[in-house]
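In what follows, every chain begins at residue 1, and chains take the letters A, B, ... in the order their sequences are listed.
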Number of protein chains: 2
Amino acid sequence: MKHNLIIADDHKMFLDGLLSILKTESNYNIIFTAKHGGHVQKYISINTEEQIDLVITDVTMPEVDGITLNKWIKENHRTIKTLVVSMHNTPEIIDDLIESNVDGYLQKNAQKEEFLKAIETILGGEKYFSKEIKDIYLQNKFEKNKEKEIKLTKREVEVISLIAEEFTTQEIADKLFLSKHTIESYRKNLITKLNVRNLAGLTKYAIKKGYVSS
Amino acid sequence: MKHNLIIADDHKMFLDGLLSILKTESNYNIIFTAKHGGHVQKYISINTEEQIDLVITDVTMPEVDGITLNKWIKENHRTIKTLVVSMHNTPEIIDDLIESNVDGYLQKNAQKEEFLKAIETILGGEKYFSKEIKDIYLQNKFEKNKEKEIKLTKREVEVISLIAEEFTTQEIADKLFLSKHTIESYRKNLITKLNVRNLAGLTKYAIKKGYVSS
DNA sequence: ATTAATATCCCTGAATTCAGTGATTTGTTG
DNA sequence: CAACAAATCACTGAATTCAGGGATATTAAT
């Protein structure tokens with residue numbers, strides 16, 4: 001029972017490399033390759049009779065990217081498995097893909113063995129994620145949870161941003177047309193709320209959240 | 001006049017992909033491929049009679065990495081050109097390689113056309129760097145220059161790090177077995193030296209320099 | 001060897017931060 | 001509407017920051 005695969009990647013070299021290592025495995029049919037997600041969508045939409053087992057796709061592609069493609073496949077062709085292969089691995093992308101039920105995720109610098117293992121695992125009905133990807137994902141979840149419940153109000157965000165931008169209490173009060181005492185209250189509440197010790201802690205929080213650029 | 005190339009990369013897939021796009025060009029001989037730099041060093045050392053034009057190498061490889069390999073080639077076999085191809089591109093690596101006279105640098109996600117153009121350019125005696133690499137390199141140089149002259153001493157770095165970690169003056173003094181007054185002096189000098197206004201500014205500087213994690 | 005830089009310590013006084021407490025107003029949500 | 005969250009302002013008092021001075025000993029550099 002041969003499996004039918006589709007590969008989508010706009011990098012000729014990666015495509016060739018992948019084809020070469022898949023060629024050594026006799027039980028995979030590469031039925032279609034594409035330079036971007038739109039071609040894959042079209043192919044799948046037209047060839048409704050053909051059994052398609054797995055779509056291997058890059059994330060960054062022109063026109064229709066891998067994230068969109070994966071979402072589309074999972075919404076319209078639930079039975080087709082997907083394996084995403086990417087150069088850049090931000091927590092956001094990984095999270096997004098896992099949320100939309102991708103079956104596997106590898107970094108492009110994975111070794112041949114891992115590629116084959118991932119494909120096998122996915123075709124066997126299980127999910128496969130490389131160690132690095134799992135680490136990034138868990139790290140992200142962990143941090144998110146650690147910082148949950150702490151929600152700053154609009155005003156608090158304004159104040160902490162200005163604090164991190166090195167303005168004094170009086171300057172912030174003037175800027176926001178508030179009393180100096182109010183800003184002092186905000187500062188104090190922020191320190192309590194965010195469980196930090198002083199301005200340094202507030203500044204680090206503001207940077208981490210992107211309220212200011214370091 | 002055919003050119004003789006060597007390729008070093010521990011990723012089978014990348015190697016295969018590169019070979020496949022080079023095969024379409026009839027004037028390149030791939031005379032040797034290797035999984036790490038040591039093999040290339042050995043090959044070059046033994047085959048002294050053979051004309052070797054270009055070594056294409058990955059950065060991260062087991063045993064002898066691409067940076068070491070490039071340095072070795074440039075020191076011992078000046079006439080051999082080198083092209084580095086890498087996944088990860090930190091300013092440090094790029095800087096290091098350019099300093100040791102690498103002839104080209106590409107990201108692994110480059111397109112076929114760019115690979116061929118880079119090889120051609122280098123064999124023609126010129127250097128070739130992808131736009132991204134040039135940007136990273138220049139950005140780095142630019143920032144370095146912008147922040148030059150401001151050099152913190154070891155002690156100052158210690159102090160600013162601890163400040164950014166939210167320790168109080170007294171705590172820092174205790175930690176470093178110094179007087180509280182000394183730390184106050186350091187704080188004051190740092191504020192002057194770094195041209196910031198307060199703790200928030202010091203903290204941002206410490207984060208930007210990586211003395212603390214935000 | 002002389003200068004320059006680094007590391008260390010000290011003082012004053014004004015300004016600010018920080019912890020603790022509390023009050024009023026407005027808007028939101030069950 | 002009642003309860004609650006958000007936004008605003010106020011006061012006290014201790015601790016710390018910050019700006020401005022200096023001083024001395026050791027190390028590095030020219």
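The distance from atom CZ of A:Arg187 to atom P of D:dA7 is 18 Å, rounded to the nearest whole Å. Straight-line distance from the CG atom of A:Leu162 to the P atom of C:dT17: 13 Å, rounded to whole Å. We find that CG of A:Leu202 is positioned 17 Å from P of D:dT16, with the value rounded to whole Å. Between B:Ile191 atom CD1 and D:dG21 atom P there is a gap of 16 Å when expressed in whole angstrom units. In this entry the distance linking CG of A:Leu190 with P of C:dC18 reads 11 Å, nearest Å. Rounding to whole angstrom units, NE2 of residue B:His181 and P of D:dG21 are separated by 19 Å. Rounded to an integer number of Å, the gap from CD of A:Glu171 to C1' of C:dT17 is 15 Å. Atoms NZ (B:Lys180) and P (C:dC10) sit 11 Å apart, rounded to a whole Å.
At least one cation-pi condition fails for A:Lys117 and A:Tyr128: the charged atom is not both under 6.0 angstrom from the six-membered ring centre and inside a 45 degree cone around its axis.
Toward the 5' end of DNA chain C, the nearer of the two residues A:Asn189 and A:Phe167, judged by each one's closest nucleotide, is A:Phe167. Remark on DNA chain C: of its neighbouring residues B:Lys154 and B:Leu199, the 5'-side contact belongs to B:Lys154, judged by nearest-heavy-atom nucleotide.
Remark: the B:Thr182 side chain and the C:dC10 base include no donor-acceptor N/O pair separated by less than 3.5 Å.
Here A:Gln170 lies out of heavy-atom contact (under 4.0 Å) with every strand. Residue A:Glu156 is classed as having no contact, given no heavy-atom separation below 4.0 Å to the nucleic acid.
Among the nucleotides C:dT16, C:dC10, C:dG22, the one closest to any side-chain atom of A:Ser185 is C:dG22. Comparing C:dA19, D:dT8, D:dC18 against the side chain of A:Lys188 picks out C:dA19 as the nearest. When distances run from any side-chain atom of B:Asn198 to the nucleotides C:dT16, C:dT8, D:dC18, the shortest one goes to D:dC18.
Side-chain nitrogen and oxygen atoms of A:Thr168 include none within less than 4.0 Å of the OP1 or OP2 phosphate oxygen of C:dA15. Close to D:dA5, at under 4.0 Å from its OP1 or OP2, lies no side-chain N or O of A:Thr153. Contact between the side-chain N/O atoms of B:Arg155 and the OP1/OP2 oxygens of C:dT8 is found at a separation under 4.0 Å.
At a threshold of 4.0 Å, the pair B:Asp58-B:Lys35 does not count as salt-bridged, since none of the basic side-chain nitrogens sits closer than that to a carboxylate oxygen. Under a 4.0 Å N-O distance rule, the pair A:Glu166/B:Lys204 qualifies as a salt bridge.
Separation of the B:Tyr43 and B:Phe32 ring centroids falls under the 6.0 Å cut-off.
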Assess whether salt bridge (charged side-chain N to carboxylate O under 4.0 Å, His left out) is satisfied between B:Asp103 and B:Lys127, documenting all intermediate values. CA-CA 5 Å; B:Asp103 294 291; B:Lys127 306 254 175 188; 3.8 Å; yes
